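Below: one structure, written as structure tokens.
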Amino acid sequence: MKRKQPRVEEADEKDLKVEDHPKDWAAGIPGVYYSMKPAVEHMGVERTARTVLKMNQKDGFDCPSCAWPDPHKRKTFEFCENGAKAVTWEAAPVIIESDFWAEHSISELRQRSEYWLGMQGRLTEPLYKPAGEDHYRPVSWDEAFGIVGDKLKSLDSPDEAAFYTSGRSSNEAAFLYQLFARGYGTNNLPDCSNMCHESSGWAMGQTIGIGKATVTFDDYADADLIIIMGQNPGTNHPRMLTELEACKETGGQIVAVNPLPEAGLKRYKNPQKVRGVAGKGIEIADQFIQVRLGGDMALLQGVSKRVFEAEARNPGTVLDQAFLDEYCEGLDELRDYLLTLDEDTILEATGLRSEEIDELAARYIAADKVIITWAMGITQQKKGVATIKEMINLLLLRGNMGKRGAGASPIRGHSNVQGDRTMGIWEQMPPTFMDALGKEFGFEPPREHGADSVETIRRMRDGEVKAFVALGGNLVSAISDTQVAEKAFENTDLTVQISIKLNRSHLVTGKEALILPCKGRTEIDRQATGVQFVSVEDTVCAVHPSWGSVEPVSENLLSEVAIISRLARATIDGKIDADWEAFEHDYDLIREHISRVVEGCDDYNRKIRQEGGFILPNGPRDSRTFHTPTGKAVLTVNDLEYLVRPEGTLILQSLRSHDQWNTTIYGFNDRYRGVKKGRHVVFINPKDIIELGLEDGQNVDIHGVYDDGVDRVLRAFRVVSYPTARGCAASYYPEANVLVPLEQVAQGSNTPTSKQIIVRFEPSTHTAPSQHDSAAVAQQPEPDGFPERTPAGDREGINA
Ligand SMILES: Nc1nc2c(c(=O)[nH]1)N[C@H]1C(S)=C(S)[C@@H](COP(=O)(O)OP(=O)(O)OC[C@H]3O[C@@H](n4cnc5c(=O)[nH]c(N)nc54)[C@H](O)[C@@H]3O)O[C@H]1N2
Ligand SMILES: Nc1nc2c(c(=O)[nH]1)N[C@H]1C(S)=C(S)[C@@H](COP(=O)(O)OP(=O)(O)OC[C@H]3O[C@@H](n4cnc5c(=O)[nH]c(N)nc54)[C@H](O)[C@@H]3O)O[C@H]1N2
Ligand SMILES: [Mo]
């Protein structure tokens with residue numbers, strides 16, 4: 001089973017190369033090649049066949065990568081390059097040997113990159129770091145559970161503990177985990193969603209009464225117009241490109257709104273089609289709108305304003321008045337506000353020309369069925385919640401909700417982040433859920449809202465949270481303000497990580513620390529009553545089973561469900577009416593409880609066994625029912641605000657390269673953007689490079705600009721001339737988290753503003769990358785508005 005520990009070379013950034021032209025298309029044959037090659041290399045042919053070919057099949061496991069849904073009719077290869085990477089990373093049969101921990105101290109491992117740590121292989125033994133020591137040592141499972149139970153029982157208040165969840169765990173594990181936390185007595189259930197789509201949940205909950213997509217999978221192909229805002233599907237949701245292609249094939253149009261000309265938004269070569277493999281692929285975006293970072297709120301208001309103006313010119317022809325009368329409130333207030341909105345402010349905030357907004361408005365008005373879809377470019381902005389409310393406004397004006405081919409579609413990140421929420425992983429679940437939970441398990445759940453991710457870090461820093469348990473994830477790397485986050489972890493008495501692989505959150509520890517290794521989703525889960533499956537929910541509310549398909553990398557591993565059950569027994573045995581031991585043996589028992597507690601999940605055990613699972617009810621989508629206080633969808637007035645950057649600064653966003661899964665770094669190439677063998681780059685518009693007195697290829701230190709007296713800086717990052725919008729820059733996440741103060745959050749959702757960081761640059765005296773890829777060739781922007789990369793000074797910048 002086990003292979004020899006790999007020799008992993010750290011990338012030192014000195015071989016970093018930047019190609020002259022970023023790619024203008026995504027996927028195609030290279031996609032398939034790039035996905036299969038490492039899989040076969042690391043897992044061998046048989047294990048590759050058992051994993052990659054089972055991915056997203058009805059009898060297989062749900063891809064542990066993103067939350068994009070599966071079609072009804074599955075293809076043989078129902079996965080993308082990134083799914084294959086995620087599976088290879090998890091299922092490659094390489095384990096960390098016991099002597100590793102004596103050989104490597106924690107402080108030594110802390111010097112290693114996330115890439116190196118992840119490549120060491122799977123964790124297979126519970127590990128314990130006693131107070132005052134710098135090494136983990138293997139311990140028995142019983143000893144490990146005892147340490148956690150004793151600590152949790154010794155705290156003065158249950159609110160001195162926090163229970164974090166990342167979005168990869170199953171519905172069954174998530175349900176038990178929140179039950180454990182609430183049975184113990186706290187709502188401190190921070191999760192990765194707090195840093196991700198929290199803004200979407202808030203905005204949609206307040207306006208249409210549900211924080212989930214109002215579309216189904218089929219709606220994509222049916223839409224007349226899809227507006228993609230703040231999302232990079234070519235890298236982060238590649239299978240979405242197939243649906244965008246389907247939409248185009250039936251005459252639909254696509255508009256991409258983004259400061260960056262991302263490859264997948266431009267052209268797509270479908271690897272499943274002959275044309276996609278051999279030809280030029282299909283043009284995706286009919287209009288590319290190169291908005292400034294954080295300018296989307298102004299853009300959407302500008303479009304809605306034009307909709308009202310068009311209605312005023314031709315009364316009764318533009319608005320869906322019947323829909324608005326029956327289902328919505330707030331129309332007059334919105335009209336009054338938008339018709340007085342200053343056009344120059346809109347142009348200033350967006351960095352766009354008036355005609356570009358006119359064109360989008362004309363497309364919107366001409367289309368009967370419109371979907372607006374979005375991701376982190378919107379949610380991680382200070383005005384993220386308000387911006388999403390503006391999307392809802394625009395959709396409602398023409399009745400684009402609760403009909404085929406139309407709706408609001410936030411695209412979730414983690415494969416089961418939405419399911420975790422449905423199961424109760426939220427620091428502020430509503431009273432109806434708490435009532436049902438209390439009734440089912442014979443206890444009084446805590447009612448006071450708990451701490452989210454940012455608040456948990458603050459409480460750990462300030463000594464208010466003393467024990468931290470994480471069901472997956474890598475919070476220290478994922479959260480903003482890295483220095484503060486590290487202090488917070490170190491200030492905690494006990495940190496516990498339930499994980500499959502080593503990451504930084506195992507090395508920046510509390511005084512005591514534990515690692516509890518679990519099975520991954522690819523692995524067969526045998527329990528006393530036989531092989532178990534789990535269930536997950538995708539981004540369009542479809543719930544389906546997931547069966548592991550390969551032997552676990554070690555017999556010593558426990559499932560997440562087993563770990564949570566045993567943690568609960570060690571901590572709150574007998575306190576609530578729950579048979580923890582039985583749960584571990586038979587997951588159907590957990591699902592029976594779910595069916596009585598979670599809305600929409602009645603008869604769960606039967607429905608989950610139907611072919612393809614089932615779809616959760618959704619008021620706006622199914623029947624134009626809006627669970628708001630008045631029962632109507634709410635058109636909202638949101639005062640326009642945008643970030644004004646001081647002279648000499650840029651607004652920086654932090655995003656994903658093509659070779660990573662959040663904090664997991666698979667490699668050092670960002671193929672579509674033309675970066676190789678390094679991550680320490682900052683993409684800047686050529687005109688801004690000149691204006692700031694910098695040079696393409698130069699090394700700079702990037703300083704966060706805040707007046708709280710803390711110097712937040714990234715050293716020796718290479719300037720890459722890139723056709724991003726003027727005034728904007730981009731670097732990779734998680735590195736850039738160093739620059740974001742913990743207090744910089746989106747209004748309403750408390751999500752760190754990872755896409756809106758004001759920075760200034762200084763020439764770096766630190767050594768790092770060198771070699772640049774020759775003098776670049778000047779290129780004219782293409783007619784469709786997707787610019788090419790050009791070195792500073794060679795031509796006019798984009799969107800000047
Ligand atoms: N391969 C891979 N897949 C993933 C992930 C991964 O790390 N790797 N992560 C998963 C997770 S958890 C998530 S949440 C999703 C994230 O999916 P994305 O949201 O696509 O992820 P990001 O890389 O953060 O890209 C943000 C995009 O928004 C744009 N953007 C930034 N700011 C603005 C703005 O102000 N306005 C507009 N209009 N656009 C803006 C950026 O240029 C970029 O194209 O992907 C999921 N899928
Ligand atoms: N600056 C900046 N910061 C960001 C973002 C950004 O765009 N910019 N994006 C934010 C977003 S959208 C998100 S979702 C968060 C992500 O935050 P997290 O979800 O906390 O981080 P991940 O990197 O996805 O977690 C990876 C770890 O999960 C563990 N893991 C993997 N699979 C399993 C499993 O099956 N079970 C268990 N128990 N553990 C497993 C592995 O040990 C792995 O190291 O980061 C946020 N932070
Ligand atoms: Mo995410």
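On a predicted model such as this, the values are computed, not experimentally measured, just so you know. As a basis for the values below, the full set of heavy atoms in this structure was taken, side chains included, without hydrogen atoms, waters or symmetry mates. Atoms within a ligand are numbered from 1 in the order they appear, just like the ligands themselves.
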Thinking salt bridges, do [X] and [Y] make one under a 4.0 Å N-O criterion?
| X | Y | result |
| --- | --- | --- |
| E486 | R110 | yes |
| R239 | D70 | yes |
| K519 | E560 | no |
| D659 | K85 | yes |
| R421 | D191 | yes |

Taking side chain as C-beta onward, heavy atoms only, is R673 less than 4.5 Å from L655?
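A side-chain contact exists here, since the closest heavy-atom pair is under 4.5 Å.
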Name of the residue among V454, N194, T456 meeting side-chain contact (heavy atoms from CB on, under 4.5 Å) with I479:
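In the set V454, N194, T456, the residue that makes a side-chain contact (heavy atoms from CB on, under 4.5 Å) with I479 is V454.
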Subset of ligand 2 atoms that lie under 4.0 Å from at least one heavy atom of [X]:
| X | result |
| --- | --- |
| N503 | 27 (C), 42 (O), 43 (C), 44 (O) |
| C518 | 36 (N), 37 (C), 38 (N) |
| G472 | 37 (C), 38 (N), 39 (N) |
| Y164 | 17 (O), 18 (P), 19 (O), 20 (O) |

Check: [X] N/O within less than 3.5 Å of ligand 2 N/O:
| X | value |
| --- | --- |
| K519 | no |
| R521 | no |
| A736 | no |

For the rings on F533 and Y587, is their centre-to-centre separation under 6.0 Å?
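Centroid distance F533-Y587: not below 6.0 Å, so no.
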Distance check, rounded to the nearest 0.5 Å: N750 atom CG versus M195 atom CE?
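Spacing of CG (N750) from CE (M195) equals 11.5 Å.
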Considering only heavy atoms, which protein residues lie less than 4.0 Å from any atom of ligand 1?
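Lining ligand 1: C66, N82, C196, G230, Q231, N232, T235, N236, H237, V257, N258, P259, L260, E262, V291, L293, G294, D296, A375, M376, G377, Q381, G413, H414, Q653, L655, R656, Q660, W661, N662, K755.
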